Amino acid sequence: MRLLGRGVRGSAPRLLRGGVHRGHLGSRRRQARTRPGQPQPEVAGPQAAEYAAYIKEHAAQLAGPLPLSEVDVDVYDAICIHGGHAPLEDLAYDPDLGRILAEADAVKKIIAPVCHGLAGLLSANLPGGRRLFEGRSLAAFSNEEEKLNGTAEYAPWLLQNMLTARGGKVDDVKAWAPHVIEDGNLLSGQNPASAGPLAEKVVFVLNSR
C-alpha cells in the first residue's frame with residue numbers, strides 16, 4: 001500500500017511502461033505493511049529486469065515500510081492500494097487498514113485502489129456492521145479477467161463477486177482494457193492496464209484541490 005503525503009502540488013508523475021507508477025508525488029511518500037519484517041518483492045514477465053532495477057533503486061525505502069498501525073491519516077493526502085493477490089489474504093481483513101480508510105473517507109481524502117487492491121476496501125466497516133463502501137461505484141479485477149489469467153481456481157474468492165456481495169457497484173469493461181471510475185473521493189482501476197490512468201487521475205485531482 002502507498003501513502004501519498006503533502007507537497008504534491010504541481011508535481012508531474014512519471015509512468016513506467018505498463019502503467020506502473022514511479023513518480024515522485026511529494027515529500028511524504030511511504031510504503032505501508034501489515035506484518036513485521038522486510039518485504040521480499042518478486043518480479044516476473046517480459047519487464048522483469050526493469051522492475052527488478054526499480055526495486056533495487058528503492059531498496060532502502062522498501063526495507064523500512066511503515067506499519068499500518070502507526071499510520072497517521074492526517075499526514076497524508078491519498079491512500080493508494082496496489083494490486084496482486086496478496087490483498088485477498090491480508091488487507092481484506094486488516095483492522096488497521098479499516099481504520100485508515102474510515103478516517104480518510106470521513107474527511108474525503110483520496111482513496112485509490114487498483115486491480116486486486118480493492119479487496120482492501122472490505123476491511124472498512126461502519127458502526128452496526130455496514131460496509132463503509134457499500135453502494136459506491138467501483139472498477140475492480142473482473143471474474144472474466146481472473147478466469148483468463150488462470151488464477152480463478154486458486155484464488156480464495158473472486159474479487160468481483162465479493163465486492164458485489166458486500167454492496168459495491170462493480171462496473172467492468174472488456175478484459176484487460178484500462179478502466180477507471182471516480183465516485184467522489186474513491187478512485188478505482190480495474191486491472192494492471194488501469195494503473196497508469198488511475199495514477200494520472202489521482203495526481204490531477206490532488207492538484208485540483
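Only a predicted model underlies this, so the values are computations on that prediction, with no experimental measurement involved.
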Starting from the C-alpha separation in whole Å, work towards a yes-or-no answer on side-chain contact (heavy atoms from CB on, under 4.5 Å) for R136 and N185.
-> CA-CA 10 Å; R136 304 288 290 273; N185 63 310; 3.1 Å; yes
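- A side-chain contact (heavy atoms from CB on, under 4.5 Å) with L101 is found for exactly one of L122, L186, L121, namely L121.
- When the side-chain contact (heavy atoms from CB on, under 4.5 Å) test is applied to V205, the partners found at least two apart in sequence or on another chain are I110, E182, L187, K201, R209.
- Legend: salt bridge (charged side-chain N to carboxylate O under 4.0 Å, His left out) pairs involving residues 147-171, not counting sequence neighbours: none detected.
- For the pair L68/R99, no side-chain contact is recorded, criterion being any heavy-atom separation below 4.5 Å from C-beta on.
- With rounding to the nearest 0.5 Å, the separation of CG in L159 from CE in M162 is 9.0 Å.
- Distance check, rounded to the nearest 0.5 Å: CD1 of I181 to CG of D172 gives 9.0 Å.
- Between Q160 and F141 there is no side-chain heavy-atom pair separated by less than 4.5 Å.
- At least one side-chain heavy atom of V71 sits less than 4.5 Å from a side-chain heavy atom of Y76.
- Between H85 and H116, the two ring planes are tilted [angle within 30° to 60°].
- Side-chain atoms of T164 and N161 include no donor-acceptor pair closer than 3.5 Å.
- Under the 4.5 Å side-chain heavy-atom criterion for ILVMFWY residues, no single connected hydrophobic cluster contains both L158 and L148.
- Side-chain atoms of D94 never come within 3.5 Å of backbone atoms of D90 as a donor-acceptor pair (strictly under, hydrogens ignored).
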May I have the step-by-step check of side-chain hydrogen bond (donor to acceptor under 3.5 Å, both in side chains) for R130 and N125, ending in yes or no?
-> CA-CA 6 Å; R130 183 173 178 269; N125 300 302; over 6 Å; no
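- No side-chain donor-acceptor contact under 3.5 Å links K109 to the backbone of I79.
- Taken from OG in S188 to CG in L163, the straight-line distance is 9.5 Å, to the nearest 0.5 Å.
- Taking all atoms of both residues into account, the shortest heavy-atom contact from L118 to P113 is CG-CG, 3.6 Å.
- Note that CG of L132 is 4.5 Å distant from CG of D105, once rounded to the nearest 0.5 Å.
- Residue pairs satisfying the salt bridge (charged side-chain N to carboxylate O under 4.0 Å, His left out) criterion with at least one member in residues 155-165, sequence neighbours excluded, are absent.
- The minimum heavy-atom distance linking Y93 with E89 is given by the pair CD1-O, 3.8 Å.
- Here the CD-CG distance, from Q190 to L198, works out to 12.0 Å after rounding to the nearest 0.5 Å.
- Looking only at distances, no side-chain donor or acceptor of S194 sits under 3.5 Å from a matching main-chain atom of V180.
- For E145 (side chain) and S142 (main-chain N/O), a donor-acceptor pair under 3.5 Å exists by modelled atom type.
- One N or O on the side chain of N191 and one on the backbone of A177 form a donor-acceptor pair closer than 3.5 Å.
- Taking both residues in full, the closest heavy atoms of G168 and L138 are given as CA-CD1, 4.0 Å, listed atom of the first, atom of the second, then distance.
- Nearest heavy-atom pair across G117 and P87 is CA-CG, 4.1 Å.
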